[in-house]
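Each remark here refers to the structure printed beneath this line.
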Amino acid sequence: MYVCLCKGITDSQLRAAIKDGGSEFKRLKKELAVGTQCGKCVPVAMSILAEETAKTAVYYEVA
């Protein structure tokens, strides 16, 4: 699905960039130019970022 229509960025491109170490929106914005034109894609992009970073979160058990 397209996340950013202005720049033609898909959710799979966004997820791939996140997996490659783009754990901050600032970096994704620089690499993919997501959210640099009209800004309507920012909430969806932030949601995908949160979803993907939650998958890789490390939880520690407290003794």
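Salt bridge status for Glu51 with Arg15: present, with a side-chain N to carboxylate O gap under 4.0 Å.
Listed by first and then second residue, the salt bridge (Lys or Arg N to Asp or Glu O under 4.0 Å) pairs that reach into residues 30-47 are Arg27-Glu31, sequence neighbours excluded.
Here the side chains of Thr10 and Met1 are not in contact, with every heavy-atom distance at 4.5 Å or above.
Each of Val34, Ile48, Ile9 was evaluated against Leu28; a single residue qualifies, Val34, per the side-chain contact (heavy atoms from CB on, under 4.5 Å) test.
In plain terms, the two heavy atoms of Cys6 and Gln37 that are nearest each other are CB-OE1, 3.3 Å. Residue Ala17 comes nearest to Leu32 through the heavy atom pair CB-CD1, 3.8 Å, listed as atom of the first residue, atom of the second, then distance. Of all the heavy atoms in Ala45 and Phe25, the pair that sits closest is CB-CE1, 3.8 Å.
In this structure, the separation between NZ on Lys29 and OG1 on Thr36 is 7.0 Å, given to the nearest 0.5 Å. The OG atom of Ser47 sits 11.0 Å away from the CG atom of Asp11 when rounded to the nearest 0.5 Å.
Hydrophobic clustering of Ile, Leu, Val, Met, Phe, Trp and Tyr side chains at less than 4.5 Å, counting indirect connections, unites Val44 with Met46.
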